[in-house]
Each structure stands twice: as structure tokens, then as C-alpha cells.
Enquirer: 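Mind having a look at this structure? Questions to follow.
When reading the values below, keep in mind they use all heavy atoms of this one structure, side chains included, and skip hydrogens, waters and symmetry mates. Here the structure is a predicted model, which means the values were calculated and not measured.
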Amino acid sequence: PWPRKEDLDLSGLDGFAEVLWPGQKCIAIASLHEYAVSIVGTETFLYAVADDPELVEYTYARVGELIVHGFAESAKRPHVGALWLGDDLAYTAGMFYNPEVMRRYLFPWFRQIADIAHAHDLPMIFHSDGDIRPIIPDLIEMGFHAIHPIEPKGMDIVEIKRTYGDRLCVCGNIDLCYTLPRGTPEEVRAEVRQRIRECGPGGGYCLGSANSVPEYVPLKNYVAMLEAWWDYGRYPLALE
């Protein structure tokens, strides 16, 4: 049975209201493309992009109406400070499939979510691993405020900041292949300092890992990242 919008359970999100510090807010996050693909199966879905576009359109629509409703309800919560759409659309070598198909079937749903964020004066963040350069102009045009995590193997964050920094906040980028999981705390501090020096001037950089903080990141390296952010990430920057 297909879920109904009225059965959507936001109790997990509502629970945050009881534990947040004064002035602190949480971020409502969901996926759309990834849920659609998980229902059909990756191989079936990607064949359908070429052979059965009606299936692609239908699946996106059924998932999209639920996710848009969920974001609309989440945005009403006073303890929600931003909306985050997390949808991997690319490998480090390029997009999963033709962006023209995304523009036709997927991005209209993205636009509705961004419109909800704007209606509630909330930042709208988009997450995708890999090289999403072909669709960054689309994200800006749809009204997204930030992109995450600027995976180092896929994109050069300095180039992205230089090209789009007046229209997008760039987030993440601290390496998860070597520095955070296998480097030393000193190497973590050095990379954080370099990233702030490169991307911090003028604002518009939100420091973080190049994806998440998985269990294989040693605690000492995670702490080193936070401490380096605290030491170097204050304005006016003095990192020359």
C-alpha cells in the first residue's frame, strides 16, 4: 500500500524541540531521487530513463508529493532552522544520468521544496556526492542557498567558491578518503586551516567533512577538526 500524506510521521523531528538549547534549531532532511530509485531498483530505474520515461515520471511524482508535503509540514515547526534535500545524483566522474531528464522529471519537485523554504525564510541546502557541476546553475535558479559536501575527488571547492560564491554557500570538503579517517590530528588541523584560508574570506563557507562523520573516523581526528575550526574560523580571518 502506498503511504498517504496524512499518515506521515514527524514525531522524530518534533522530538528535537525538547532537547535543543535556547536559540538552537535543527535541520529537516529528506531524499526524493534516492527514495524513488530504492523503490524501483537502481538498474531498473536507469534503464527506464531511456526505455520507460513514464515510469520515471510516475515514480518521481508519487514520491515527490509525499516529500514535498513532509517538507511543508516540517517548515512550520519553529525549531526547524533549515531544509536539507539529500539526493546523490553523481559519481566523482560525472552525473548518474542526463541532466535533461532531471530537468524534466525531477527538478520540478526540487523547485517546490525550495519554494517552501523561501516561503518560510529558511535556508535550502542540497547534498550530493560526486561532480554535480552540470546542475549547479539549475540549483541556483531553483532557489537553493547552499551545496554540500563538495567531494574533493569530484570537484575543486576553490573553483566552485570562485565561480558561485556570490550565489551559493559551499559546505564540507574536509577529506574523508585520507585526512579524517587515516591522517593525524595535525594533518586534520592543517587541512582545516587551508580550507578556511581558501574559502573563508567573504563568508559563504560552512566547514565540515566531505560527506558525514562515519564510524571509521577516529574521535581524535573529529575533535581536531572542531578545534581547528574554533581556532581558525573567526572573523576577521588572520591565516596568511
Enquirer: At what distance, to the nearest 0.5 angstrom, does CZ of F107 lie from CD of E100?
Expert: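 Going from the CZ atom of F107 to the CD atom of E100 covers 9.5 Å.
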
Enquirer: Would you sort out whether H148 and N211 count as a side-chain hydrogen bond (donor to acceptor under 3.5 Å, both in side chains), showing the intermediate values?
Expert: CA-CA 8 Å; H148 173 276; N211 182 279; over 6 Å; no

Enquirer: Show the nearest heavy-atom pair for residues P181 and Y216, with the distance to one decimal.
Expert: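 For P181 versus Y216, the nearest heavy atoms are CB-CD1, 3.7 Å.
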
Enquirer: Output, in order, the C-alpha distance, side-chain angles, deciding distance and verdict of side chain to side chain contact (heavy atoms under 4.5 Å, CB included) for H145 and L168.
Expert: CA-CA 5 Å; H145 300 103; L168 278 178; 5.7 Å; no

Enquirer: Are V37 and F96 joined in one hydrophobic group, where the rule is that I, L, V, M, F, W and Y side chains link up if heavy atoms are under 4.5 Å apart?
Expert: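 Yes.
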
Enquirer: Test side chain to side chain contact (heavy atoms under 4.5 Å, CB included) on D156 and I160; report intermediate values, then the result.
Expert: CA-CA 6 Å; D156 178 355; I160 299 300; 5.8 Å; no

Enquirer: If you look at every heavy atom in Y91 and M95, which pair is closest and at what distance?
Expert: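 Scanning both residues, the minimum pair turns out to be CD1-O, 4.3 Å.
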
Enquirer: Treating E191 as the side-chain partner and D175 as the backbone partner, does any N or O pair qualify as donor plus acceptor under 3.5 Å?
Expert: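 At least one qualifying donor-acceptor pair exists.
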
Enquirer: Atom CH2 in W229, atom SG in C206: separation rounded to 0.5 Å?
Expert: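 Those atoms lie 9.5 Å apart.
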
Enquirer: Taking the six-membered ring for Trp, are H33 and W109 closer than 6.0 Å centroid to centroid?
Expert: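 No - the distance between ring centres of H33 and W109 does not fall below the 6.0 Å cut-off.
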
Enquirer: Taking E57 for its side chain and Y105 for its backbone only, find out whether a donor-acceptor pair lies under 3.5 Å.
Expert: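 Answer holds: no.
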
Enquirer: Does atom CH2 of W230 have more than 12 heavy-atom neighbours, drawn from other residues, nucleotides or ligands, at distances under 6.0 Å?
Expert: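 Atom CH2 in W230 is not crowded, with 12 or fewer foreign heavy atoms closer than 6.0 Å.
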
Enquirer: Could you tell me whether D121 atom CG has more than 12 heavy atoms of other residues or ligands within 6.0 Å of it?
Expert: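 Counting neighbours around CG of D121, 12 or fewer heavy atoms of other residues, nucleotides or ligands fall under 6.0 Å, so no.
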
Enquirer: Of all the heavy-atom pairs spanning M124 and F144, show the shortest one and how long it is.
Expert: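 Closest heavy-atom pair between M124 and F144: CG-CD2, 3.5 Å.
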
Enquirer: Heavy atoms only: give me the nearest S209-P149 pair and the separation to one decimal.
Expert: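 Looks like O-CB, 3.9 Å.
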
Enquirer: Can you name the nearest heavy-atom pair linking F110 to M142, along with the distance?
Expert: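 So the minimum-distance heavy-atom pair works out to CB-SD, 3.7 Å.
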
Enquirer: What do the steps show when you test R189 against D231 for salt bridge (charged side-chain N to carboxylate O under 4.0 Å, His left out), and what is the final call?
Expert: CA-CA 10 Å; R189 287 184 60 88; D231 291 342; 3.1 Å; yes

Enquirer: Okay, side chain of Y205, backbone of G172: is any donor-acceptor separation there less than 3.5 Å?
Expert: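 It does hold such a pair.
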
Enquirer: Is it true that I27 and L139 fall in one hydrophobic cluster, defined by side-chain heavy atoms closer than 4.5 Å?
Expert: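 Per the 4.5 Å side-chain linkage, I27 and L139 are not co-clustered.
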
Enquirer: Which heavy-atom pair separates L176 from P214 by the least distance, and what is that distance?
Expert: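 Closest approach of L176 to P214, heavy atoms only: CD2-CD, 3.9 Å.
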
Enquirer: Does one side chain, of E187 or Y178, offer a donor that lies under 3.5 Å from an acceptor on the other?
Expert: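 On atom types as modelled, these side chains qualify, holding a pair under 3.5 Å.
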
Enquirer: Under 4.5 Å between side-chain heavy atoms, counting indirect links through other Ile/Leu/Val/Met/Phe/Trp/Tyr residues: same cluster for M155 and I196 or not?
Expert: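 The answer is yes; both residues are in one hydrophobic cluster.
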
Enquirer: Determine all donor-acceptor pairs shorter than 3.5 Å in which one atom belongs to a side chain in residues 7-18; sequence neighbours excluded.
Expert:
from	atom 1	to	atom 2	distance (Å)
D7	OD1	R4	NH2	3.1
D7	OD2	R4	NE	2.8
D7	OD2	R4	NH2	3.2
D9	OD1	S11	N	2.9
D9	OD1	S11	OG	2.7
D9	OD2	S11	OG	3.3
D14	OD1	R77	NE	2.9
D14	OD2	R77	NH2	3.3

Enquirer: Test side chain to side chain contact (heavy atoms under 4.5 Å, CB included) on I113 and L32 and set out the steps.
Expert: CA-CA 10 Å; I113 297 169; L32 198 163; 4.1 Å; yes

Enquirer: Has S31 got a side-chain atom pairing as donor or acceptor with G86's backbone, closer than 3.5 angstrom?
Expert: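 Looks like yes, one N/O pair under 3.5 Å.
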
Enquirer: Rounded to the nearest 0.5 Å, what separates atom CG in D88 from atom CD1 in I132?
Expert: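 Atom-to-atom, D88:CG and I132:CD1 are 10.0 Å apart.
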
Enquirer: Return yes if some donor-acceptor pair links the side-chain N/O of N221 with the main-chain N/O of L180 below 3.5 Å, else return no.
Expert: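 Yes: the side chain of N221 pairs with the backbone of L180.
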
Enquirer: For Y58, does the OH atom sit with more than 12 other heavy atoms under 6.0 Å from it, leaving out its own atoms?
Expert: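 Not more than 12 within 6.0 Å, no.
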
Enquirer: How many angstroms lie between atom CG of L85 and atom CD1 of I67, to the nearest 0.5 angstrom?
Expert: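 With rounding to 0.5 Å, CG (L85) is 8.5 Å from CD1 (I67).
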
Enquirer: Has T59 got a side-chain atom pairing as donor or acceptor with A36's backbone, closer than 3.5 angstrom?
Expert: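 Checking the backbone N and O of A36 against the side chain of T59, no donor-acceptor pair under 3.5 Å is found.
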
Enquirer: In sequence, state the C-alpha distance, the side-chain angles, and the governing distance for E73 and K76, and then conclude on salt bridge (charged side-chain N to carboxylate O under 4.0 Å, His left out).
Expert: CA-CA 5 Å; E73 291 300 309; K76 299 175 183 177; 3.0 Å; yes

Enquirer: Can you hop from V192 to V213 via hydrophobic side chains spaced under 4.5 Å?
Expert: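 They do share one cluster, since a chain of ILVMFWY contacts under 4.5 Å joins V192 to V213.
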
Enquirer: Quick check for you: to the nearest 0.5 Å, what is the distance between I136 atom CD1 and E141 atom CD?
Expert: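 That separation rounds to 14.5 Å.
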
Enquirer: Would you say that more than 12 heavy atoms from the other residues, nucleotides or ligands in this model lie under 6.0 Å from the CD of Q24, or not?
Expert: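 Correct, the count exceeds 12.
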
Enquirer: In this structure, are over 12 heavy atoms from other groups packed under 6.0 Å from E6 atom CD?
Expert: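 Atom CD in E6 is packed in, count exceeds 12.
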
Enquirer: Hey, what's the ring geometry for Y60 with F45, parallel, tilted or perpendicular (30° and 60° as the breaks)?
Expert: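 Answer is perpendicular, since the angle exceeds 60°.
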
Enquirer: Determine yes or no for a side-chain-to-main-chain donor-acceptor pair under 3.5 angstrom, with N173 supplying the side chain and I157 the backbone.
Expert: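 Not a single qualifying donor-acceptor pair exists.
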
Enquirer: I147 and I150: side chain to side chain contact (heavy atoms under 4.5 Å, CB included), yes or no, with the steps?
Expert: CA-CA 7 Å; I147 55 173; I150 324 291; 3.6 Å; yes

Enquirer: Near R104 CZ, under 6.0 Å, is it more than 12 heavy atoms from other residues, nucleotides or ligands?
Expert: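 Check fails, neighbour count at 12 or below.
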
Enquirer: Without swapping roles, check the side chain of K25 against the backbone of H79 for a donor-acceptor pair under 3.5 Å.
Expert: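 The answer is no, because no donor-acceptor pair under 3.5 Å joins these two groups.
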
Enquirer: So do the side chains of Y47 and D52 get within less than 4.5 Å of each other, counting heavy atoms only?
Expert: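 In short, these two side chains do not touch, never coming nearer than 4.5 Å.
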
Enquirer: Between I29 and L122, is there a shared hydrophobic cluster once you connect ILVMFWY residues whose side-chain heavy atoms come closer than 4.5 Å?
Expert: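 Per the 4.5 Å side-chain linkage, I29 and L122 are not co-clustered.
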
Enquirer: Mark yes or no for whether Y235, through its side chain, and G202, through its backbone, hold a donor-acceptor pair below 3.5 Å.
Expert: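 Flag not set: sc Y235 to bb G202 has no pair under 3.5 Å.
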
